[in-house]
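Residue numbers start at 1 and run along the sequence shown.
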Amino acid sequence: MAVPQNKVTRSRRNKRRSHDAIFPDSSMECPDCGELKRPHHVCAICGNYNGRSVISMELDEDDAE
């Protein structure tokens with residue numbers, strides 16, 4: 001059975017866990033529509049990426065009002 005030879009101190013244990021923190025997802029504002037989107041991804045609202053239209057987004061009749 002695997003048993004540690006010596007006790008792992010709180011300091012050494014916590015140093016090992018220093019990279020386990022959870023960070024919130026980063027987001028940026030779309031320059032075309034102003035909605036929040038993930039960096040380096042196509043905007044889900046307007047379909048633009050890097051200043052050009054990548055996906056044509058069709059508006060519903062309810063959205064046009």
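- By the 6.0 Å contact criterion, CZ on Arg13 is enclosed, its count of non-hydrogen atoms from other residues, nucleotides or ligands being greater than 12.
- A side-chain hydrogen bond (donor to acceptor under 3.5 Å, both in side chains) check over residues 22-32, counting only residues at least two apart or in different chains, returns the pairs Asp32-Asn48.
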Would Arg16 and Val8 count as a side-chain contact (heavy atoms from CB on, under 4.5 Å) here? Give the steps.
CA-CA 11 Å; Arg16 183 177 62 245; Val8 178; 4.2 Å; yes
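- Under the 4.5 Å side-chain heavy-atom criterion for ILVMFWY residues, no single connected hydrophobic cluster contains both Met28 and Leu36.
- The minimum heavy-atom distance between Lys37 and His40, with the atom names listed, is NZ-N, 4.2 Å.
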